[in-house]
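Below: the structure, in structure tokens.
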Amino acid sequence: MTETKFVFVTGGVSSSLGKGLTASSLGRLLKSRGFRVTMVKLDPYLNVDPGTMNPGEHGEVFVTDDGGETDLDLGHYERFIDESLSRTSNSTTGSIYSTVIARERRGDYLGKTVQVIPHITDEIKERLRRAGASGADVVIVEIGGTVGDIEIVPFLEAIRQFRRDAGRGNVCYVHLTLVPYLAPSGEQKTKPTQHSVTELRSRGIQPDVIVCRSDQPISEGLKRKISLLCDVPIDAVISAIDESSIYDIPVALRREGLDNIVCATLNLDLDDHPIELSAWNEVVRRVHNTYRRVRIGVVGKYVTLPDAYLSVAEAIRHAGFALGAEVEITWLEAERVPEEISAEQLDQLDGMIIPGGFGERGIEGMIAAARIAREHQVPLLGICLGMQVMVVEYARHVLGLPDAHSTEFSVTTSAPVISLMAEQNDVVDLGGTMRLGAYPALLSEGSQVAGLYGTSVVSERHRHRYEFNLRYREQYEAHGMRCCGISPDGRLVEFVELPGHPYFVGTQAHPEFKSRPDRPHPLFAGLLSAAVTRVEGRVPHLIDPATVDVAP
Ligand code: GLN
């Protein structure tokens, strides 16, 4: 294949229709046909990247290997197409304007008037072309927001022009809409879809495929009506009902023939690319064939919006798939521990996670939860802030440093066991920069963590400012906590564990970002395995020992 093909996924009628999952599922289907697929998310908001956005409002910030702080949809993309993406896979209006305005300040436009069309639209198109230059056969581009939004207009204009530039057979427009069921009339309604397509057409885009989201399947009659009124072939009207698991979606869309119609639009030969879905079908089989249950509590700060911990939740589920376990995730507000959520309640859990986070709210509750997990032998995985909390707790209650804290929360603590590197090196300027993206770590031979990973050099993604304070390392080791993973230069503690405890593991990294539905992350598999052991009294077997790629 010579020319790169582009699929643009837009949405109408309502937000939260699952554009990201539809796009990801299409990616999976095309990859299962042997095409090289990459994905891009265009976000119409003005933030330059999601890094500074409140996860309690916007959901998690997904971190790429190259340190991009990106939209959570990139997590779905990576989990579904099983490719590691980079920061170039996510552009916001803010980042696009920043580039154009910086260019204007440099004088690159030679005194011309700088405008949305062509300068902003050209920058959008340029970024899309660059994504295509990565060697992909197909680039799937999801446009955030909904047609009709003010912010989306430049993006629609750019993708409209894109078909002109790239050639008709190289571009496919997929539009997602909602087909509501109105109980009083007992009917599914197509009018919102018609209006949404009219809106899209008013921007010059005629969709090639319409994906109809609904709670009940769309009948043939209704498909015919949508086909007629929205001017797409009937087999390009795809019914997408709510599925019990997100991992069912690729199979459901395959049944509706989504990949066939997209490939036909893009002049991709289906006979040359038969679909091979057996690996994915195996994932689906595991999702629905569970024979044990475990309960994992997540003690965090943004638990009212589980999207804030989306990758953590998926990583827990993936580990469950590999153990035949259906996992009930209990979201626990850290601030309510231990007063309202007591030690007895936490002791009822089969396992616990303290996830990443920023800011002081809930910190004392997390420290209390870590102590309960340690003293009650509840398996615990501490992620980033979670590891820092485990380290602070251990200092306070085992090392005999009751004032111990992270300098993120106490600048006057007499025992800064977690602090900025600059503080550890007595540098006066404390402006902490974020450690972002993939970093390698060396694991200690014979440690529990090295055993789980099955290797001694691993790479994980990071997003934090504060670090384990090396000055305390010997004290920790003398009191039983093992610094079992260290950066190659020996300056950063990346993993800690507690020998003798069933599972008390902390990592400064964010392992959740690398987990895949068919290959769980070793640290999550380790936690779940310890949780099953707590319930059943013996160590379970992994159905398939394949775990995710952690090589640097
Ligand atoms: N707030 C902590 C830090 O900056 C932890 C960050 C996180 O959990 N991602 O170091």
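Order of appearance sets the numbers: ligands from 1, and atoms from 1 within every ligand. Along the sequence shown, the residues carry numbers beginning at 1.
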Provide, to 0.1 Å, the distance between atom 9 (N) of ligand 1 and the closest protein heavy atom, together with that atom's residue and name.
-> Arg463 O, 2.8 Å
Identify the protein heavy atom lying closest to atom 10 (O) of ligand 1, giving its residue, its atom name and the separation to 0.1 Å.
-> Tyr466 N, 2.8 Å
How does His464 reach ligand 1, by side chain, by backbone, by both or by neither, if only non-hydrogen atoms under 4.0 Å count?
-> both
Any chance the rings of Tyr302 and Trp331 have centres within less than 6.0 Å?
-> no
Gly357 N/O under 3.5 Å from ligand 1 N/O | yes
Salt bridge Lys514-Asp549, side-chain N to carboxylate O under 4.0 Å | no
Heteroatom proximity flag, Ile383 to ligand 1, N/O under 3.5 Å | no
Under 3.5 Å, is there a donor-acceptor pair linking the side chains of Asp43 and Asn90?
-> yes
How about Arg491: does its CZ atom have over 12 heavy atoms from other parts shown lying under 6.0 Å from it?
-> no
Nearest to atom 7 (C) of ligand 1, what protein heavy atom do you find, and at what distance?
-> Cys384 SG, 3.1 Å
With heavy atoms only and a cut-off of under 4.0 Å, state how His510 meets ligand 1: side chain, backbone, both or neither.
-> side chain
Are the aromatic rings of His76 and Phe62 close, with centres under 6.0 Å apart?
-> no
Residue and atom name of the nearest protein heavy atom (relative to atom 4 (O) of ligand 1), distance in Å to one decimal = Arg465 N, 2.9 Å
Determine, for Tyr77 and Arg79, whether the Lys NZ or Arg CZ falls below 6.0 Å from the six-membered ring centre while staying within 45 degrees of the axis.
-> no
For ligand 1, which atoms sit closer than 4.0 Å to a heavy atom of Gly356?
-> 8 (O)
Shortest protein heavy-atom distance from atom 2 (C) of ligand 1, along with the residue and atom involved | Glu408 OE1, 3.2 Å
Report the residue from His288, His318, Arg317 that forms a side-chain hydrogen bond (donor to acceptor under 3.5 Å, both in side chains) with Tyr247.
-> His318
Classify the side-chain pair Ser95/Arg127 by whether it contains a donor and acceptor separated by less than 3.5 Å.
-> yes
So, is Gln388 polar-close to ligand 1, with some N/O to N/O distance under 3.5 Å?
-> yes
